[in-house]
Participant: 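If you scroll down you'll find the structure; I have some questions about it.
In listed order, ligands and their atoms are each counted from 1. Just so it is clear, the structure is predicted and the values come from calculations on it, not from any experiment. Along the sequence shown, residues carry numbers from 1.
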Amino acid sequence: MRTSNAAETEAFGQRLARSLAPRDVVLVAGELGAGKTTLIRGACRELGVDEPIVSPTFTIGRRYRGRVPVSHLDLFRLPTLAGEDPGLLDDYLTPDAVAFIEWPAVGAPAIAGRGGRVHRVEIRHAGGDEREIDLASG
Ligand code: ADP
Ligand code: MG
């Protein structure tokens, strides 16, 4: 679908969040500035998170307290998971939590098979403030 401003992308995240349950993982792909964090912010609000939602900067992830625990990862600075502690994501991908992952490509193998659903969101610039958002839920 198409959004024309940040609020519409937040609303998309909000609607998506209504279908999420613990163990679910939402992979959010798209270039810098596409609106990944914006979409996740909307989803987190729907999940009852009141804290500021910004991309994690000095760690790979943050945990928020909502009606369920929420994990927010950003793997942008992680060139590969090879050479990293294999349990690196375990603190975030806990069975009680809903998890959102920006720049998910590098983490994909570690993310599969956690028992929940995997939702893939892709956001693309479509001129000005327009964004094209695709969602595939497995
Ligand atoms: P990312 O996490 O993908 O790097 P952010 O969500 O942090 O991107 O930033 C997106 C920026 O683009 C924000 O400043 C937001 O206000 C702006 N923006 C403008 N139009 C849109 C839109 N349609 N959807 C999402 N963000 C938009
Ligand atoms: Mg971001």
Side-chain angles (χ1 to χ4, degrees):
M1 77 156 271
R2 238 348 133 96
T3 66
S4 303
N5 54 55
E8 287 180 14
T9 298
E10 280 197 30
F12 183 96
Q14 215 169 348
R15 287 193 298 276
L16 169 62
R18 291 185 198 126
S19 72
L20 298 176
R23 286 183 194 272
D24 281 6
V25 178
V26 183
L27 308 179
V28 188
E31 294 168 16
L32 214 58
K36 301 181 294 299
T37 302
T38 299
L39 186 148
I40 292 168
R41 182 177 303 118
C44 286
R45 294 291 174 251
E46 178 70 21
L47 293 169
V49 178
D50 293 328
E51 299 158 66
I53 308 296
V54 294
S55 263
T57 309
F58 298 108
T59 62
I60 62 160
R62 302 178 61 205
R63 283 285 266 201
Y64 308 122
R65 206 186 325 242
R67 281 188 295 282
V68 294
V70 178
S71 292
H72 179 191
L73 291 94
D74 186 323
L75 305 183
F76 181 62
R77 276 161 304 278
L78 211 59
T80 163
L81 280 179
E84 301 283 347
D85 170 0
L88 187 65
L89 305 183
D90 290 357
D91 286 348
Y92 297 100
L93 303 181
T94 53
D96 57 343
V98 170
F100 297 91
I101 308 185
E102 301 188 41
W103 299 101
V106 73
I111 292 158
R114 299 222 165 220
R117 299 175 73 195
V118 178
H119 307 261
R120 291 184 166 76
V121 177
E122 184 163 357
I123 312 180
R124 281 183 301 276
H125 290 272
D129 285 350
E130 302 275 315
R131 302 291 192 273
E132 186 65 34
I133 306 179
D134 288 323
L135 168 66
S137 295

Participant: Side chain, backbone, both or neither: which part of Ile123 comes within less than 4.0 Å of ligand 1 when only heavy atoms are counted?
Facilitator: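 Under 4.0 Å from ligand 1, Ile123 contributes no heavy atoms.
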Participant: With heavy-atom distances below 4.5 Å as the criterion, would you say the side chains of Thr3 and Ile123 are in contact?
Facilitator: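 A side-chain contact under 4.5 Å is absent here.
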Participant: Does Val28 reach the side chain of Thr37, with side-chain heavy atoms less than 4.5 Å apart?
Facilitator: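 Contact flag for Val28/Thr37 side chains = no.
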Participant: Glu8 near ligand 1, heavy-atom distance under 4.0 Å?
Facilitator: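 No, Glu8 has no heavy atom closer than 4.0 Å to ligand 1.
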Participant: Could you check whether Arg124 pairs with Asp134 (Lys NZ or Arg NE/NH1/NH2 to Asp/Glu carboxylate O, under 4.0 Å)?
Facilitator: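 Yes, Arg124 and Asp134 are salt-bridged.
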Participant: To check your reading of the model: name the closest protein heavy atom to atom 4 (O) of ligand 1, its residue, and the distance in Å.
Facilitator: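 Result for atom 4 (O) of ligand 1: Gly33 N, 2.8 Å.
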Participant: Which residue owns the protein heavy atom closest to atom 17 (C) of ligand 1, what's the atom, and how far is it?
Facilitator: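 Here the nearest protein heavy atom works out to Arg131 NH2, 4.0 Å.
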Participant: Between Thr3 and ligand 1, does any nitrogen or oxygen pair lie at a separation below 3.5 Å?
Facilitator: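 Min N/O separation from ligand 1 is below 3.5 Å for Thr3.
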Participant: Which ligand 1 atoms are under 4.0 Å away from a heavy-atom of Asp129?
Facilitator: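 Listed by number with element: 19 (C), 20 (N), 21 (C), 22 (C), 23 (N).
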Participant: Tell me, please: is Glu31 in heavy-atom contact with ligand 1, that is, under 4.0 Å?
Facilitator: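 True for this residue.
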Participant: Hey, are the side chains of Phe100 and Leu73 touching, using non-hydrogen atoms and a 4.5 Å cut-off?
Facilitator: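 No. Closest side-chain heavy atoms not under 4.5 Å.
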Participant: Are any of the side-chain nitrogens in Asp96 or Arg63 under 4.0 Å away from the carboxylate oxygens of its partner?
Facilitator: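 Arg63 and Asp96: salt-bridged.
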Participant: Should you measure from each heavy atom of Gly35, which atoms of ligand 1 turn up under 4.0 Å away?
Facilitator: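 With Gly35 as reference, the close atoms of ligand 1 come out as 1 (P), 3 (O), 5 (P), 6 (O), 8 (O), 10 (C), 25 (C).
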Participant: Using a distance-only test with no angle check, is there a side-chain donor-acceptor pair under 3.5 angstrom linking Ser4 and Asp129?
Facilitator: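 Absent: no donor and acceptor within the cut-off.
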Participant: Any idea which N/O/S atom from Glu102 gets closest to the Mg ion (ligand 2)?
Facilitator: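 It is OE1 of Glu102.
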Participant: If you take the nearest heavy atom of each of Thr37, Ile40, Ile133, Leu32, which one is closest to atom 7 (O) of ligand 1?
Facilitator: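 Closest candidate by heavy-atom distance is Thr37.
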Participant: Salt bridge check, Arg2 against Glu130: does any charged N sit closer than 4.0 Å to a carboxylate O?
Facilitator: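 A salt bridge is present here (some side-chain N lies under 4.0 Å from a carboxylate O).
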Participant: Can you find an N/O atom of Glu130 closer than 3.5 Å to an N/O atom of ligand 1?
Facilitator: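 Among all N and O atoms of Glu130, none is under 3.5 Å from an N or O of ligand 1.
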Participant: Please confirm whether Lys36 comes within less than 3.5 Å of ligand 1 when only nitrogen or oxygen atoms on both sides are compared.
Facilitator: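 Yes.
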Participant: Do Val49 and Ile53 have side chains that approach each other closer than 4.5 Å (heavy atoms only, starting at C-beta)?
Facilitator: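 In short, these two side chains touch, coming nearer than 4.5 Å.
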Participant: Note the single closest protein heavy atom to atom 6 (O) of ligand 1, along with its residue, its atom name and the distance in Å.
Facilitator: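 Sorting protein heavy atoms by distance from atom 6 (O) of ligand 1 puts Thr38 OG1, 2.6 Å first.
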Participant: Should you measure from each heavy atom of Glu102, which atoms of ligand 1 turn up under 4.0 Å away?
Facilitator: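 Reading through ligand 1 atom by atom, the close ones are 2 (O).
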Participant: Are the side chains of Tyr92 and Ile60 in touch, meaning some heavy atoms are under 4.5 Å apart?
Facilitator: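 They are in side-chain contact.
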Participant: Could you identify the single nearest non-hydrogen protein atom to atom 16 (O) of ligand 1 and state the distance to 0.1 Å?
Facilitator: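 Residue, atom and distance for the closest contact: Ala6 CB, 3.6 Å.
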Participant: Hey, what do you get for CZ (Arg15) to CD (Glu10), rounding to the nearest 0.5 Å?
Facilitator: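 Between atom CZ of Arg15 and atom CD of Glu10 there are 12.0 Å.
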Participant: Could you walk me through whether Thr9 and Thr38 pass the side chain to side chain donor-acceptor pair (under 3.5 Å) check?
Facilitator: CA-CA 7 Å; Thr9 298; Thr38 299; over 6 Å; no
Participant: Within 4.0 Å of atom 14 (O) of ligand 1 (strictly less), any protein heavy atom?
Facilitator: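 Within 4.0 Å: no protein heavy atom nearby.
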Participant: Could you please compute the angle at the Mg ion (ligand 2) from OG of Ser55 to OG1 of Thr37, rounded to 10°?
Facilitator: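 Here the angle at the metal atom is close to 80°, to 10°.
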Participant: With heavy atoms under 4.0 Å as the rule, classify the contact between Thr9 and ligand 1 as side chain, backbone, both or neither.
Facilitator: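 Side chain only; the backbone of Thr9 stays clear of ligand 1.
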Participant: Taking the non-hydrogen atoms of Gly30, is any one of them nearer than 4.0 angstrom to ligand 1?
Facilitator: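 The answer is no, since Gly30 has no heavy atom less than 4.0 Å from ligand 1.
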Participant: Evaluate the side-chain proximity of Phe12 to Met1: yes if any heavy-atom separation is below 4.5 Å, no if none is.
Facilitator: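 Counting from C-beta outward, Met1 and Phe12 do come under 4.5 Å.
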